[in-house]
**Student:** 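Quick one: the structure is below, and I'll ask about it shortly.
Below, each value reflects all heavy atoms present in this structure, side chains not excepted, and no hydrogens, waters or symmetry copies. In each ligand, atom 1 is the first atom listed, and ligand 1 is the first ligand listed.
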Amino acid sequence: MLDITHVRSVLSDVYDLAPSATLANEMKDTFARMDRVVSPPDWAIYAPYVRAINALKKERNAVILGHNYMTPEIYHGVSDFVGDSLQLAIKASEVEEEVIVQAGVHFMAETSKILSPQKTVLMPDMEAGCSLAESITADGIDEMRAKYPDAPVVTYVNTTAEVKAASDICCTSSNALQIVNAMESDTVIMTPDQYLAQNVANQSHKNVVFWPGSCIVHEQYTAQDLRDFREWNPGTQLIAHPECPPDVVAEADYSGSTSGIINYVHNVKPEKAMLITECSMASNIADELPEVDFVGPCNMCPYMKKITLEKILYALHTMDGQVEVAEDVAKKARKSVQAMIDLSRKLGI
Ligand code: 13P
Ligand code: SF4
């Protein structure tokens with residue numbers, strides 16, 4: 001576990017990280033990307049970290065891959081690329097820098113390492129896990145294979161390298177339906193998200209059997225919540241991530257991956273929108289969509305929220321938090337992830 005007192009003492013010996021209104025003003029162009037959701041005093045706190053990280057990134061020949069659930073100061077301030085799980089996985093296989101800092105959760109960093117074993121992949125906090133990744137081990141995949149011997153295993157990227165290695169192909173929320181439909185067998189095993197699997201099953205002709213895992217953020221929403229919200233605030237577009245239970249997705253106006261949601265809001269520009277997903281999503285796009293009023297709710301992912309500017313700076317400064325995947329596991333896991341990327345490209349996703 002990261003000792004934050006130690007982190008602060010190491011950083012304060014080297015960097016001037018005191019809040020600075022002067023620096024905040026000098027960096028006003030960066031602030032303009034988030035000034036609808038971040039207050040000027042908070043920006044004065046963040047600006048010294050953003051400056052230090054961006055300078056250190058160049059020294060270390062590093063790139064920061066930021067997931068759509070990062071907080072705005074990470075998403076807009078220091079990330080070189082932002083996106084959903086599929087986009088970040090593809091980016092990890094393409095970037096030229098020697099160091100990848102994963103501003104996201106551990107399974108994303110492992111995916112980057114699997115795809116770029118020669119690179120140093122840094123995880124700013126090793127405890128940034130995922131309830132889905134924790135819900136299954138490779139034994140769980142064996143269990144499903146024993147029950148459905150002829151069915152291929154399609155595994156969500158929100159899993160450990162060992163689980164990916166034991167699977168046939170990976171998927172993300174932006175390609176799950178197409179990947180399942182592309183399988184030859186009539187029965188397809190999906191792990192570990194029961195809700196994503198059921199949402200896919202509702203749109204597919206396949207017999208989808210699944211593992212009972214779930215996301216602790218999205219499982220909290222209920223269809224009744226959405227109906228109550230519509231009644232309370234009529235005219236709001238309800239937009240849900242497919243990790244939500246199927247009755248929630250059925251109640252929503254649109255469902256898609258985090259980038260699918262962002263694209264939808266950009267295209268439709270609803271007067272009022274409620275994003276049924278992690279809290280930071282709405283904050284990250286609030287400034288680029290001033291005409292959209294983002295209303296309620298704010299469920300945070302406790303794992304994603306472990307990533308902070310301070311921990312990113314510490315990781316880049318010390319080069320601690322390097323993610324390793326044993327080569328025998330990585331080799332098999334790479335096959336599953338690469339099969340997903342290749343099929344997605346072929347299908348034009
Ligand atoms: P996507 O960004 O692929 O939609 O995934 C959401 C998620 O929960 C990642 O942890
Ligand atoms: Fe895992 Fe859910 Fe957090 Fe995504 S939002 S990292 S699926 S717990």
**Student:** Flag the pair Lys91 and Glu94 as a salt bridge only when some basic side-chain nitrogen lies within less than 4.0 angstrom of an acidic carboxylate oxygen.
**Tutor:** yes

**Student:** Can you confirm, on distance only, whether ligand 1 has an N/O atom lying under 3.5 Å from any N/O atom belonging to Thr172?
**Tutor:** no

**Student:** Among all protein heavy atoms in this structure, tell me which lies nearest to atom 5 (O) of ligand 1, with the distance rounded to 0.1 Å.
**Tutor:** Ser85 OG, 3.4 Å

**Student:** Would His67 count as being in polar contact with ligand 1, using the rule that some N or O on each side must be under 3.5 angstrom apart?
**Tutor:** yes

**Student:** Does a salt bridge link Lys119 with Glu98, judged by any charged N lying under 4.0 Å from a carboxylate O?
**Tutor:** no

**Student:** Does one side chain, of Asp228 or Gln224, offer a donor that lies under 3.5 Å from an acceptor on the other?
**Tutor:** yes

**Student:** Provide the number and element of each atom of ligand 1 under 4.0 Å from a heavy atom of His241.
**Tutor:** 1 (P), 4 (O), 5 (O), 6 (C)

**Student:** With a cut-off of 4.0 Å, which atoms of ligand 2 are near a heavy atom of Glu243?
**Tutor:** 2 (Fe), 7 (S)

**Student:** What about Asn68: any of its N or O atoms under 3.5 Å from an N or O on ligand 1?
**Tutor:** no

**Student:** Does Cys215 come within less than 4.0 angstrom of ligand 1, counting non-hydrogen atoms of the residue?
**Tutor:** no

**Student:** Is there a polar contact between ligand 1 and Thr258, counting only N or O atoms under 3.5 Å apart?
**Tutor:** yes

**Student:** Looking at Lys335, Lys332, Arg145, which one forms a salt bridge (Lys or Arg N to Asp or Glu O under 4.0 Å) with Asp168?
**Tutor:** Arg145

**Student:** Hey, are Asp287 and Arg36 close enough for a salt bridge, meaning a charged N less than 4.0 Å from a carboxylate O?
**Tutor:** no

**Student:** Check for a donor-acceptor pair, side chain of His218 on one end and backbone N or O of His241 on the other, with a separation under 3.5 Å.
**Tutor:** no

**Student:** May I ask you to decide whether Glu278 forms a salt bridge with Lys305, counting only side-chain N to carboxylate O separations under 4.0 Å?
**Tutor:** yes

**Student:** Salt bridge between Lys272 and Glu291, side-chain N to carboxylate O under 4.0 Å?
**Tutor:** no

**Student:** With a cut-off of 2.8 Å, which protein N/O/S atoms are close to atom 3 (Fe) of ligand 2, if we only count those under it?
**Tutor:** Cys301 SG

**Student:** Quick one: hydrophobic cluster around Val163, which other residues, with the 4.5 Å side-chain cut-off, linked directly or via members?
**Tutor:** Ile136, Ile141, Met144, Tyr148, Val153, Ile189, Val209, Trp211

**Student:** Hey, is ligand 1 close enough to Ser257 that some N/O pair sits below 3.5 Å?
**Tutor:** no

**Student:** Does Met304 approach ligand 1 within less than 4.0 angstrom via side chain, backbone, both or neither, non-hydrogen atoms only?
**Tutor:** side chain

**Student:** Using non-hydrogen atoms of the residue, decide whether Asn158 is closer than 4.0 angstrom to ligand 1.
**Tutor:** yes

**Student:** Does the ring center of Tyr303 lie less than 6.0 Å from the ring center of His106?
**Tutor:** no

